Amino acid sequence: MSKYLFKIILSIIILLPFAVLAVLSLGRNWAFPAVLPAVFTFDNWRVLLLAQSDLSQSLALSLFISIVIATAVTIASFFTSKFISFSPWRRRWLLIAYFPYMFAPVILAACLQYYFLRLGWAGSAGGVMLAQLFIAYPFGVIIFTGFWNERLHNMEQLVATLGGNAWQTYTRVLLPVAKGALLICFFQTFLISWFEYGLTRLIGVGKIQTLTLKVFQYVNEANVFYAALASILLAVPPIVLLWLNKRYVFVNFN
Amino acid sequence: MWLEINNLHKKFGAEPVLGDLSFRLAERQMLSILGRSGCGKTTLLKIIAGLETPDAGVIKIAGKVINNVSAHRRNIVYIYQEPLLFPHLNVFENVAFGLRLRKIQNPTIESKVLEMLEALELNEQARKMPHQLSGGQRQRVAFGRALIISPQMLLLDEPFGALDTETRAVMQVLLKKIMQTHPITAIFVTHDLKEAIIMGDAIGMMEKGKLDIYPDKKTFIEHNEHVKNEINFWQNL
């Protein structure tokens, strides 16, 4: 019984902020000392349907940037980590991979901003994506270095002696075996990009308005209804990814 | 001779692993190679399989030099101490793996795999995943996966090294039986003297990158002090 009660309390604690955000996203005209907004309407949500609205453009831009980053990093770090794992200079390469995490992302962004401004890459989606790679790419490499080991190397050689060429080795063995690690890398780097603030703000120089930046903008403007709506949108991908993780990744560990 | 290894040299950095190694092996013979860890046995097998390149030397099979033939075209299967079953495939698919690579028709694959599973006494396990098998069963699947493609040569690198004594003895008998029904030229590397004598038609002793081959068990026993001591120990017990 106490376990059941604990689960209910825990669920309330987790879900309450989302419930408050949902209520706020539907609200209009909320003046002190009213407990709830005076009007509840779907008008705030309707702006998402307008292609020209700031919020829908930020949502689309964020999705685009995060999907591109996650896909590119997952593919690149899979192969890079293999090279690093079997390199005689493995420790040296890994040290370089950890290097970007010695600073806060904002400090890293401040260092990078100078070069991006000089090269004319600041203020563009491409520039922001390139800057985000400085954090996401090493992270992907670090995720995969635990995956490559002597056993997998032997398995790769075994496939060759069984008659498999490089393509068959990847498609029939390495990629299926790496499925869990690939999904984890994709999800993690998607989330890194999705919630990235410091780098995106400094390299984007205000021109690249991702959803995360939009939330901060609405909060600064004291526009609680749009801030709540943007926050809900911001929380949707992590919830979907958590569900997918539970459904497709951790199922392998049961 | 069917397999000819001539003046093989291999160094890792400054350390010589194989030094001027030469030997011959007749077709459908199994050569047992005994030797301590680090004497170069695995390197020799990997060079023959095409997984390592020699610094110098020639490898010939049936008179053809295979030095420049890549591993996946040699049709020489390397069996590791660990069975290395593919964790995402069940027993049937693990055994069928090499046939699928060769794009063999499904009905042929089905009949060949079932026949192999029968020979390996694994027909009850066909749909099981590797983690559901015992150590001995996994190694049997690994043999089936190797033998089903009819390789021209089998390289066995301490294949029973990770098994308990009882399972090891069962596996030795089973492998001997399979090798009689599927006669393939093979090199069997082991630390175990008894296993080398049971498995090999010829026996080799490897030390410091050099290999001495004894054409039969009698010659091997006569020329090897360690073996004589071992036999005396058991006789005087």
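First the proteins, then the strands, lettered A, B, ... as listed; each starts at 1. These numbers were taken from a predicted model, which means no experiment stands behind them.
When heavy atoms are compared at a cutoff of 4.5 Å, B:Y78 approaches chain A by way of both its backbone and its side chain. Only the side chain of B:R102 has a heavy atom closer than 4.5 Å to any heavy atom of chain A. The part of B:I149 that comes within reach of chain A is its side chain, from C-beta onward, which places non-hydrogen atoms under 4.5 angstrom from that chain. The contact between B:L85 and chain A is made entirely by backbone atoms, counting heavy-atom distances below 4.5 Å.
The environment of B:F12 atom CZ is dense: over 12 non-hydrogen atoms of other residues, nucleotides or ligands sit within 6.0 angstrom. Summarising the local packing, CH2 of B:W2 is surrounded by more than 12 heavy atoms from other residues, nucleotides or ligands at distances under 6.0 Å. Around CZ of A:F99, the count of heavy atoms belonging to other residues, nucleotides or ligands within 6.0 Å does not exceed 12. By the neighbour-count criterion of 12 heavy atoms within 6.0 Å, atom CZ of A:F103 is densely surrounded, having more than that number from other residues, nucleotides or ligands. Under a cut-off of 6.0 angstrom, the local environment of CZ in A:R201 is sparse, with at most 12 non-hydrogen atoms contributed by other residues, nucleotides or ligands. A 6.0 Å sphere centred on CD of B:E115 holds no more than 12 heavy atoms belonging to other residues, nucleotides or ligands. More than 12 heavy atoms of other shown residues, nucleotides or ligands fall within 6.0 angstrom of atom CZ in A:F86. The neighbour count for B:K176 NZ, taken as heavy atoms of other residues, nucleotides or ligands under 6.0 Å away, is above 12.
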Chi angles and distances behind the side-chain contact (heavy atoms from CB on, under 4.5 Å) call for B:E82, A:N154: CA-CA 9 Å; B:E82 213 187 334; A:N154 289 342; 5.5 Å; no

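The shortest side-chain heavy-atom distance between B:H72 and A:T161 does not fall under the 4.5 Å cut-off. With a 4.5 Å cut-off on side-chain heavy atoms, A:R172 and B:F97 count as touching.
Formation of a donor-acceptor pair under 3.5 Å by the A:Q168 side chain with backbone atoms of B:L101 is found in this model. No donor-acceptor distance shorter than 3.5 angstrom exists from the side chain of B:H88 to the backbone of A:A178, with no hydrogens or angles considered.
Ranking A:L158, A:V159, A:V177 against chain B, the residue ahead of the rest is A:L158, based on heavy-atom pairs under 4.5 Å.
Summarising the geometry, atom CE belonging to A:M155 is positioned 5.5 Å from atom CG belonging to B:L84; distances are rounded to the nearest 0.5 Å.
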